[in-house]
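Within every chain, numbering begins at 1; the chains are lettered A, B, ... in the order of the sequence lines, protein sequences first and strands thereafter.
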Amino acid sequence: MAYKFFDIEKKWQSYWAANKTFKSQINSEKEKFYVLDMFPYPSGAGLHVGHPLGYIASDIFSRYKRLQNFEVLHPMGYDSFGLPAEQYAIQTGQHPDITTKENITRYRQQLDRIGFSFDWDREVRTSEKNYYKWTQTIFISIFNSWYNTEANKATPIDELLLLFAASGTENVKAQCSEELTFTANEWNSKSAEQQYETLLNYRMAYLSESEVNWCPELGTVLANDEVKNGVSERGGFPVEQKKMKQWSLRITAYADRLINDLDGIDWPESIKEIQKNWIGKSQGALVNFAVKDHADKIEVFTTRPDTIFGVSFMVVAPEHELVQKITTTDQKAAVKEYIEVTSKRSERDRMSDVKHISGAFTGAYAIHPFSGIEIPIWIGDYVLAHYGTGAIMAVPAGDQRDWSFATHFKLPIPNIFEEADLSEGAVEGKDAVVCNSDFLNGLKAKKAISLAIYELEKAGVGTKKINFKLRDAGFSRQRYWGEPIPVYFKNDLPYVLDAKELPLELPEVDKYLPTKNGEPPLARAKNWTTKEGHPLETNTMPGWAGSSWYYLRYMDPNNTTELFSQEAVNYYKQVDLYLGGAEHATGHLLYVRFWTKFLNDLGMIPFNEPAKKLINQGMIQGVSKFVYRLDGTNTFVSKGLIGDRKVASIHADVSFVTGDVLDTEAFKNWRVEYANAEFELENGAYICGSEVEKMSKSKYNVVNPDELIERYGADALRLHEMFLGPIEMHKPWNTKGIDGVSRFLRKLWALYHNDTEEFSVSDEAPSKAALKVLHKTIKAIQDDMDRYSFNTTVSHLMICVNELSSLKCNHRAILSELVVLAACHAPHIAEELWSQLGNDTSVSYATFPKFNPEVLVESSHSYPVSFNGKMRFKLELPIGMDAKAVEEKLLCLPEAQKWLDGKAPKKIIYVNKKIINVVL
RNA sequence: GCGGAUGUGGUGAAAUUGGUAGACACGCUAGACUUAGGAUCUAGUGCCGUGAGGUGUGAAGGUUCGAGUCCUUUCAUCCGCACCA
């Protein structure tokens, strides 16, 4: 029987499905291992060869762990709420649920053909009500919690009620929207509704006015990454900032823990770094500056309180609430004009145009807290309203931005550092010695900072403060295709639904667009109220809600009474290996850590990080092909013949191109406008240009895995994707090399079959040489697997098969171990050979071959002999030979004499089993 | 500007602790078998050189008997952040 991959793959895929081969169950006899892929959003375009890369790697690892007798949990599902389905619905009127289901069916078919070992009984879909019911439940838990900053954990809101009733705010340290102070008496004299309203200030899910990107033309709210340079990415329509009541979650309460716990997890350094930057912790002080002739104070945040005597002006953000109050009459016009100009620029514009210095003087003065000197207060857009306090004390001697501002507006630059030259710029380092600074003179930054804070606190004008860039997570989307937020309003106050009312199902609407007055699509639903008639929340949850806990639901996906059972979560625990793209560094990977910590605080799970180990698989890029049309003609010029002529480069579909050569007939048949195309050929061929770009439909560089599977088989695709290079690197797709792995599979098959294609293995004892090859491979593959080096595992399998082929080895003892070694990578052919070897169970649960080091023990070693570090010849010597004996033996050799060239060696380095180096 | 990653043949890459650079594969060259080849097999293939030999891991220094690997400086590409006080 020849190697017919098509039949073999179909046969075993049906076998696995029929026998539920990869079903995972809680098994106290076995240690668990949880391998998770970031689940996909099922887009309408289907899979291209880049998508399965990570799935193949994780599948290989799952299979490896099964062979090592772990109880492997390896599930898959769909992140099925999302914008594209909704956009499609807006355009076509098709319900997103229908298109989503169609897309999922297509995805599933494509996934199934690759031979993954998923436990499909555990599939989850975030858009199914039996899943989002529990997403809503978690939201309610968050709403019903407050963050105790003293205990440093989320706590049920009921406890806060008791604290307020007993002692008011006195002993309460809580993360809240607004610092409130009241006594127990004051609390207890409030009405129930007043108490409820006050409590909203402390809940971990809260409503607040915040800005959204509203695009009137599209009639929808856009995410930040859908807005490019102030206009919508799609369509290029203007986008406005609009204030809306939005739900937010207090992720900022976890800022410190989100940074600190990074130390305990094995994630790529780059991801950790990105998360740290995103959270943006900075330590410093809050300082109050009194405003001359006003009762108000300006509060600033600074990381350099040591430079406080260098303050020569203040800058507040144009949006700062005090600006209107303190601006003097003569400056009113200038300030008004400046605010108008800046308000037209979006935050993004302001950020992208950093060099341009602008500002206006308010006419008001602040009083220096120590020296009492009057300091002019300016407004300037380099101070951002949302960071810190929206105001700074400007120290031009110590901060380059302040220096530039001062220079531009000819403000004084008082020196506060010894031996400083301030003519070219500020002194930003922390090594300068402070001077002209009263009690701080003679100190360097480190000591001066703590002394300055001490003095500020003593004088009652400042406090130590840790500031974070991280903002609370917006949790409202003015969209249809998302989880409804289980909230209703009574007297304008938000209340969560009772658990028994869940799931709050997504209602039917006539259109997937906002209403005329800009309310979200859910406002179109009929009777969108509770039974009592209270209006329901019309926002839906953001895309990241469902994905923030899906890894937990996989552990117990069909539980109808709770999120997951304690039994399941205590058995499967954290994800051991998580694979997915690095683009989720500050989104999903931060939110999933946040929810994990929250659920841990409430005692629902026994761990506080979702995944022990994270690997970011690299992106597979497309190689786009270009043809060049002479301007104003229908003539296409081969790349080498363009010269100085003006041409337009046009993407040609990669399927028309072999190597660099275009199939001109296929190109002409592609589109009507190319039917009469003419070609200028070089050496009889049309040569295309190429460029590495993102793999995408619009660039006509998509390679579809289905076609490759048809031609080469799933095993070949799996091997080829791994063989492309290290899993975490970006790399352009290259179909060409797939012939190599395809040849390998046929060679592997040939080891088990004779010239007439009949299965034929020998039961005789294998040769020493063959055993050596096998055990060398066992060791290599095991080592490679343990460091996730999947590309080299493929090479080692190839080397093994090549060597066994040249040894003409067909011994059962060797081949039945080899088939297990190959089973993770090429499971279909492995199952077939395993069954031909006479096994009646799946190779998936075989035992990974045990490495026997004794087989590899050598009595001699072929030493490379170097002279001055350059390898000249080899010398076979017994292992463990005495250095002196080696030296004597070596120097007698004619080869050595030649390189010694009559000189006596200065030194001879001899490292057992490694090398000999002669120093001349 | 700051932070991170990556630079090795014609191509994808390998070299786990410093110890034979280029394994494995694609491609290419030559040969065999063949009616045919996008099949298979054999041999070769970093570069320069007919050769002996020289040279070679982005560049330049350094440490070492020995450096792709360690240190310093530098260049290029990619990614992330970006007036963060």
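- Taking only side-chain atoms of A:Val383, from C-beta outward, the nucleotide of B:rA14, B:rC65, B:rA85 with the closest atom is B:rA85.
- Summarising the base pairing, B:rU69 is matched to no nucleotide, lacking a Watson-Crick or G-U wobble pair whose two defining distances lie under 3.5 Å.
- Summarising the geometry, the separation between CD1 on A:Ile274 and P on B:rA5 is reported as 11 Å, rounded to the nearest angstrom.
- For B:rG56, the glycosidic angle deviates from 0 by more than 90°, giving an anti base.
- Atom pair A:Ile271:CD1 and B:rG80:C1' shows a separation of 10 Å (rounding to whole Å applied).
- Taking the C1' atoms as reference points, B:rG10 lies 12 Å from B:rC47, given to the whole Å.
- In this structure, CZ of A:Phe873 is placed 12 Å from P of B:rG53, rounded to the nearest angstrom.
- Contact between the side-chain N/O atoms of A:Ser866 and the OP1/OP2 oxygens of B:rU20 is not found at any separation under 4.0 Å.
- When the P atom of B:rA25 is taken as reference, atom NZ of A:Lys731 falls 19 Å away, rounded to whole Å.
- Between A:Asn467 atom CG and B:rA85 atom P the separation is 8 Å, expressed in whole Å.
- B:rG37: no Watson-Crick or G-U partner with both key distances under 3.5 Å is found in any strand.
- Between A:Asp739 and A:Lys736 there is no salt bridge, since none of the side-chain N atoms of the basic residue sits less than 4.0 Å from a carboxylate O of the acidic one.
- In this entry B:rC28 has B:rG44 as its Watson-Crick or G-U wobble partner, both defining distances falling under 3.5 Å.
- For the pair A:Met798 and A:Thr792, nearest-nucleotide mapping onto RNA chain B gives the more 5' position to A:Thr792.
- When both distances must be under 3.5 Å, the Watson-Crick or G-U wobble mate of B:rU16 does not exist.
- Among the heavy atoms of the strands lying under 4.0 Å from A:Lys469 is at least one base atom, whether or not backbone atoms are also near.
- Phosphate contact (OP1/OP2 of B:rU40, side-chain N/O of A:Arg746, threshold under 4.0 Å): present.
- Pair check for B:rG51 finds none; no Watson-Crick or G-U wobble contact set falls under 3.5 Å.
- Within the nucleic acid shown, A:Asn868 has no heavy atom closer than 4.0 Å to any nucleic acid atom.
- Ion pairing between A:Asp783 and A:Arg787 fails under the 4.0 Å rule for side-chain N and carboxylate O.
- Remark: the separation of the C1' atoms in B:rG9 and B:rG68 is 14 Å, to the nearest Å.
- Using P as the reference atom, B:rA23 and B:rA43 are 15 Å apart when rounded to the nearest Å.
- Rounded to whole Å, the separation between the C1' atoms of B:rG54 and B:rG3 comes to 43 Å.
- Residues A:His753 and A:Tyr3 keep their aromatic ring centres 6.0 Å or farther apart.
- With both pairing distances under 3.5 Å, B:rG80 is matched to B:rC2 as a Watson-Crick or G-U wobble pair.
- A donor N or O paired with an acceptor N or O is not found under 3.5 Å between the base of B:rC81 and the side-chain atoms of A:Asn277.
- Between A:Phe409 and A:Phe313, the ring center distance fails the sub-6.0 Å criterion.
- Using a 4.0 Å heavy-atom distance criterion, A:Pro726 is classed as a sugar-phosphate-only contact.
- For B:rA52, the OP1/OP2 oxygens have no side-chain nitrogen or oxygen of A:Arg872 closer than 4.0 Å.
- Annotation for A:Lys272: atom NZ counts as buried by contact number, over 12 foreign heavy atoms lying within 6.0 Å.
- Across the protein-nucleic acid pair, A:Lys747 atom NZ and B:rA39 atom C1' stand 14 Å apart, rounded to whole Å.
- Counting heavy atoms of neighbouring residues, nucleotides and ligands inside a 6.0 Å radius, atom NZ of A:Lys731 exceeds 12 of them.
- A straight line from OH of A:Tyr712 to C1' of B:rA25 spans 14 Å, rounded to a whole angstrom.
- Across all strands shown, B:rG56 remains unpaired; no Watson-Crick or G-U wobble contact has both distances below 3.5 Å.
- When atom types are taken as modelled, the side chain of A:Trp278 and the backbone of A:Glu273 share no donor-acceptor pair closer than 3.5 angstrom.
- One can place CD1 of A:Ile738 at 18 Å from P of B:rG12, the figure rounded to the nearest angstrom.
- When the P atom is used for both B:rC2 and B:rU8, the distance is 25 Å, rounded to whole Å.
- If you check every strand for non-hydrogen atoms under 4.0 Å, A:Ile909 touches a base.
- Using a 4.0 Å cut-off, some side-chain N or O of A:Asn802 falls inside it from OP1 or OP2 of B:rA25.
- Residue contacts for A:Lys874: at a heavy-atom cut-off of 4.0 Å it reaches a base atom on one of the strands shown.
- For A:Phe723, whose side chain is taken as the heavy atoms from C-beta onward, the closest listed nucleotide among B:rA25, B:rA23, B:rU6 is B:rA25.
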